[in-house]
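Okay, so here's the structure we're looking at.
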Amino acid sequence: MYLLNILKSIFEVESSKPELNKARYGALAKQIPLMYVIVIVNMYALAYTHLPYAPFYLALSLPALLTPIAVCRSIFILSTNTDELTDIQIVNRLKAINYTSFAIGSLGFIWAASLFKYGNAFTQSHTALFVSLTAVGAVSCLMHHYQSALIIAAVTVVPSIMFLIFQENPIFNAIAINIFLVVGAMLFIMFRNYIGFTDLIENQKKLQQQSKIMEILGSENRRLANLDTLSMLANRRSFFAKLNSIIHDREITKYPFVVGVLDLDGFKRINDLFGHPVGDQLLVDTSNRLRDLLHEDIFLARLGGDEFGIIFPNPETEQDVLTIGNQICEALQVPFEMKEGTAKIACTLGLATFPTAGTTAEVLFERADYALYYSKQNSKGTVVMFSKEHETVIREVSAIAHRLREADLCEELSVVFQPIINAKTNEIFSFEALARWESDALGCIPPNVFIRSAEQSGMISQLTHILFQKTLDNAARWPDHTNFSFNLSTFDLCSHQSILRLLDVVNQSGISPKRITFEITETTVMQDYERAIEGLTLLRNLGCQIALDDFGTGFSSLSYIQHLPIDRVKIDRAFIKDLETSETTKKIVSTLAYMCENLGLECVVEG
């Protein structure tokens, strides 16, 4: 039983290396038909030389038996697609090759040994030659499957050598030695090649594994490249890729869809006061709330900061989109529960429809962004759809920006001064510089119009420099105790270069910096809080004062009074218009004035 188990193990094929087995069988499938050709042709050649001497049935019995078997097996092997075979099927076929090698090898040796006693010395030499050459050919063809090659050698070569060694003729003894050396060398070479073949397959396997890993990593990198890692929403790159894809699909049909740009109102205040970890968590909670609210076919992305992009691919009507937009605004007004407390924010949403608002990704996004900007300026916390009226405003702004670039600004720009009166003495305390533009081509342009155009066209720094220089030229003719204030835009305050330029102009003017007050708004500071603080600090260090303009109209006035380096607060005109008739208004203004007094701040009431 033990011996039977050993013999059985010889024919077993290791199934733990499926890649190696597949490569083995793939190589054998090309070589076994050649091996059958060598074996059958050699058998018929040996039978032919023995026909005059050996019995007819003995000479042709084995060739006749093996020929149809060899043909059928060759056709069977050649017609099989190795890639379609399972690992188990390949193992079974390799086992079958082992058993077939044993059977053919054994029958071949017995047949050749039976013919050896017939004929003369020439036919006997042919028999020895047949055994050796056929064995060498078979071993060569089976070299990729060492078990079959060893089986062939064991059942043909070893018995043949032993058979020839015991012959009395020394020539046969010498042939036995030759066969031993040749076949031994062949087996040694086969073993070395088999090791190389195995190493090659293992290396290919490792390369395939590395390739799969690289493919997975590449896929993950592509995913991350299109993913905002904080909110786990699509990022800006993915948003524009999706937008361009939809536009491409609808170039012919022009089927409408809507693009939205959403911006959080009050987020910067929370982020600046409580730190980035709290701000990040608020963005995550906002993203989750938006994801839960929007239908799965609506594409949601975080564009950066507190800005989100939304694509409504299949809206039934614009009103339906506006309804969803209002639901978004209402949902984000619900307070967020944080570890540090309750966070209250809001959002403003600008929308633009394809193809009426634009037919390219850039134009659609710009129009949605303009609708957002318009909403923030006029009705913060609401939804605005880009319309023809907005198109008209954009054209007007563009035309004004064009005239600004062509105008002789040093001649056409001027400054007028609005007095600030001390309520106790009724004397002029200071003057506020107000910009004016009398265009040769367009006439008198309101400040809010041309300043907005200058900001959008990138010319605001040039205007600021000219207007500030004109202000200083006028102030140089006033008494030294007369102060003046000058408004700074977002770009001026957040541009290090622009601030340094203002400082240089002040130093060269000969006017005391203590006479100068720079007015800023909450919106100006909220655009880039850290840069704004740096700019304000530089102005304060020079000796200039800082005033917070339009106080009471924003989300975060009280917090900015607490943290900004300011000297003066200007109560917005909106609180003054009902001062004579409304007791509530009187109380509000009184409270604000009392607050400024307690904080040691100057209080200026507009209007």
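All figures in this text were calculated on a predicted structure; none of them were measured in a lab. Counting from 1, the numbers follow the sequence of the chain as shown.
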Would you call K570 and E432 a salt bridge, using N to O less than 4.0 angstrom?
-> yes
Would you check if V505 and H465 make a side-chain contact, meaning some heavy-atom pair closer than 4.5 Å?
-> yes
Quick one: does W437's side chain get under 4.5 Å of L463's, heavy atoms only?
-> no
Can you check whether L488 reaches S498 side chain to side chain, under 4.5 Å on heavy atoms?
-> no
Are any non-hydrogen side-chain atoms of V569 and V604 less than 4.5 angstrom apart?
-> no
Under 3.5 Å, side chain of Q545 to main-chain N/O of T517, donor-acceptor pair present?
-> no
Hey, are the side chains of E412 and E438 touching, using non-hydrogen atoms and a 4.5 Å cut-off?
-> no
Interatomic distance, CD1@I520 vs CD1@I546, rounded to 0.5 Å, equals 6.5 Å
With a 4.0 Å cut-off, would you call R540 and D567 a salt bridge?
-> yes
Count the heavy atoms of every other residue, nucleotide or ligand shown that sit under 6.0 Å from NZ of K344, and state whether that count exceeds 12.
-> no
From the list D249, N314, I247, T353, side chain to side chain contact (heavy atoms under 4.5 Å, CB included) partner of F257 resolves to I247
Looking only at side chains, do S375 and T382 share a donor and an acceptor under 3.5 Å apart?
-> yes
Where do A433 and F486 come nearest, in terms of heavy atoms and distance?
-> CB-CD1, 4.1 Å
Which atom pair, heavy atoms only, marks the closest approach of R289 to A331?
-> NH1-O, 2.8 Å
SB check R452 E455 (cutoff 4.0 Å) | no
Between K376 and D265, does at least one N-O distance fall below 4.0 Å, as a salt bridge requires?
-> yes
Could you tell me whether the side chain of T591 reaches within less than 4.5 Å of the side chain of I588, counting heavy atoms only?
-> no
Assess whether ring-ring contact (aromatic ring centres under 6.0 Å, His included) is satisfied between F365 and F240, documenting all intermediate values.
-> CA-CA 9 Å; F365 183 81; F240 279 99; 5.1 Å; yes
So L283 and L230, side chain to side chain contact (heavy atoms under 4.5 Å, CB included) or not? Walk me through it.
-> CA-CA 8 Å; L283 288 173; L230 176 64; 3.9 Å; yes
Can you find a heavy atom in the side chain of F429 that is under 4.5 Å from one in the side chain of T425?
-> no
Correct closest heavy-atom pair for N422 and K424 would be OD1-N, 2.9 Å
Once the angle between the rings of W478 and F431 is folded into 0 to 90°, is it parallel (under 30°), tilted (30 to 60°) or perpendicular (over 60°)?
-> tilted
Indicate the atoms forming the closest heavy-atom contact of S231 with R291, along with that distance.
-> O-NH2, 3.0 Å
Which pair of non-hydrogen atoms, one from F450 and one from L413, has the smallest distance, and what is that distance?
-> CE1-CD2, 4.3 Å
Under the ring-ring contact (aromatic ring centres under 6.0 Å, His included) criterion, do F468 and F518 qualify, and how do the steps go?
-> CA-CA 11 Å; F468 187 56; F518 287 101; 5.5 Å; yes
Does K470 reach the main-chain N or O of C410 with its side chain, forming a donor-acceptor pair under 3.5 Å?
-> yes
Residue pair L467 / A435: nearest heavy atoms and the distance that separates them | CD1-CB, 3.5 Å
No-hydrogen, no-angle side-chain donor-acceptor test under 3.5 Å, T342 and E337 = yes
Any luck finding a side-chain donor-acceptor pair between Q497 and S495 under 3.5 Å?
-> no
Scan side-chain atoms only and decide if S489 and D492 contain a donor-acceptor pair under the 3.5 Å cut-off.
-> yes
Indicate yes or no: at least one non-hydrogen side-chain atom of L290 is less than 4.5 angstrom from one of L332.
-> yes
Hey, is CD on E296 packed in by over 12 heavy atoms from elsewhere, all under 6.0 Å?
-> no
Electrostatic pair E534:R531 at N-O distance under 4.0 angstrom = no
